[in-house]
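Take a look at the structure below.
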Amino acid sequence: MAPSTTFTAIYTNSTSLSPSFSLTKHVPTTTSTSSPMTTSDRAKYLHELRQIAATFQDDINRELTQRMEEDNKRAAAASGGKSKAEEEEAAKEEENYGEEVVEEDE
């Protein structure tokens with residue numbers, strides 16, 4: 001097995017709404033320190049690192065998105081079933097009650 005190092009991402013939530021989590025990826029290190037890597041070997045190694053980093057980022061985003069959705073569901077349940085976006089829309093409609101509102105395209 002090739003030598004490797006470990007990358008760990010730890011998310012600690014400051015509230016009790018969503019649990020904290022950690023993700024770990026094992027990243028291979030260069031195979032030999034005694035002989036220099038060829039350009040081809042370096043390119044291959046960097047390509048592999050980019051793929052691992054992208055996968056790691058996707059995993060982190062998936063975890064955070066899941067927690068955000070769970071938090072939104074809890075908040076909606078606590079506010080009588082309306083999401084924050086629905087509450088903002090209702091407040092906007094109430095503010096403009098009886099007026100014609102034309103939204104501008106930017």
Side-chain angles (χ1 to χ4, degrees):
M1 184 170 167
S4 68
T5 189
T6 303
F7 285 160
T8 303
I10 300 172
Y11 172 77
T12 305
N13 192 347
S14 60
T15 67
S16 62
L17 293 177
S18 293
S20 300
F21 70 91
S22 66
L23 297 172
T24 302
K25 291 281 184 189
H26 296 285
V27 179
T29 58
T30 57
T31 56
S32 175
T33 57
S34 60
S35 63
M37 293 176 72
T38 65
T39 302
S40 174
D41 289 341
R42 275 191 295 251
K44 182 179 174 184
Y45 179 70
L46 290 174
H47 176 72
E48 189 174 342
L49 284 178
R50 281 187 207 102
Q51 288 180 324
I52 291 169
T55 302
F56 200 42
Q57 185 174 5
D58 288 344
D59 293 346
I60 292 168
N61 289 342
R62 190 175 310 106
E63 288 288 337
L64 291 174
T65 300
Q66 177 184 351
R67 279 155 178 72
M68 182 182 67
E69 289 172 353
E70 290 169 359
D71 289 348
N72 288 342
K73 285 179 186 176
R74 275 192 286 278
S79 68
K82 290 186 177 180
S83 71
K84 188 172 184 175
E86 290 172 328
E87 287 178 2
E88 289 173 0
E89 182 66 27
K92 188 176 180 181
E93 287 178 6
E94 187 174 325
E95 181 180 313
N96 296 320
Y97 182 77
E99 298 177 20
E100 184 177 341
V101 177
V102 179
E103 295 190 18
E104 297 177 13
D105 292 331
E106 292 183 25

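Not measured: the values here are computed from a predicted model.
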Positive for side chain to side chain contact (heavy atoms under 4.5 Å, CB included) with Arg62, one of Thr65, Leu64, Ile60, Asp58 =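 Among Thr65, Leu64, Ile60, Asp58, the one meeting side chain to side chain contact (heavy atoms under 4.5 Å, CB included) with Arg62 is Asp58.
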query = Can you name the side chain to side chain contact (heavy atoms under 4.5 Å, CB included) partners of Thr39, sequence neighbours left out?
reply =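 Thr39 satisfies side chain to side chain contact (heavy atoms under 4.5 Å, CB included) with Arg42 only.
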request  = Only counting residues at least two apart or in another chain, list the ones meeting side chain to side chain contact (heavy atoms under 4.5 Å, CB included) with Ala53.
outcome  =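 Applying side chain to side chain contact (heavy atoms under 4.5 Å, CB included) to Ala53 gives none.
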key: Residue list, ring-ring contact (aromatic ring centres under 6.0 Å, His included) with Phe7, at least two apart or on another chain   =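 Phe7: no ring-ring contact (aromatic ring centres under 6.0 Å, His included) contacts found.
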task = Please report the C-alpha distance between Asp59 and Lys25 in whole Å, then the side-chain angles of each, then the deciding distance to 0.1 Å, and finally whether the side-chain contact (heavy atoms from CB on, under 4.5 Å) criterion is met.
result = CA-CA 10 Å; Asp59 293 346; Lys25 291 281 184 189; 3.0 Å; yes
ask   = Which heavy atom in Tyr11 sits nearest to a heavy atom in Ser20, and how many Å separate them?
value =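 Nearest heavy atoms, Tyr11 then Ser20: O-CB, 3.0 Å.
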ask   = About how many Å separate OG1 of Thr38 and OH of Tyr45, when rounded to the nearest 0.5 Å?
value =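 Separation between the atoms: 14.0 Å.
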task = Look at the side-chain heavy atoms of Ile, Leu, Val, Met, Phe, Trp and Tyr, link any pair under 4.5 Å apart, and say whether Met68 and Ile10 land in one connected group.
result =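 No, because Met68 and Ile10 fall into different hydrophobic clusters, even though each may have its own neighbours under 4.5 Å.
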task = Could you tell me whether Asp71 and Arg74 have a side-chain N and a carboxylate O separated by less than 4.0 Å?
result =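 Judged by the 4.0 Å cut-off on N to carboxylate O distance, Asp71 and Arg74 do form a salt bridge.
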ask   = Can we say Lys44 and Glu48 salt-bridge, meaning some charged N sits less than 4.0 Å from an Asp/Glu carboxylate O?
value =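 Looking at Lys44 and Glu48, the cut-off is not met.
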request  = Take Leu49 and Val27 through the side-chain contact (heavy atoms from CB on, under 4.5 Å) test and state the conclusion after the steps.
outcome  = CA-CA 7 Å; Leu49 284 178; Val27 179; 3.1 Å; yes
ask   = For atom CD of Gln57, is the number of surrounding heavy atoms from other residues, nucleotides or ligands below 6.0 Å larger than 12?
value =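 At most 12 heavy atoms, drawn from other residues, nucleotides or ligands, come within 6.0 Å of this atom.
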Side-chain touch Pro28/Ile52, heavy atoms, less than 4.5 angstrom =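 The answer is yes, as the side chains (C-beta and beyond) meet within the 4.5 Å cut-off.
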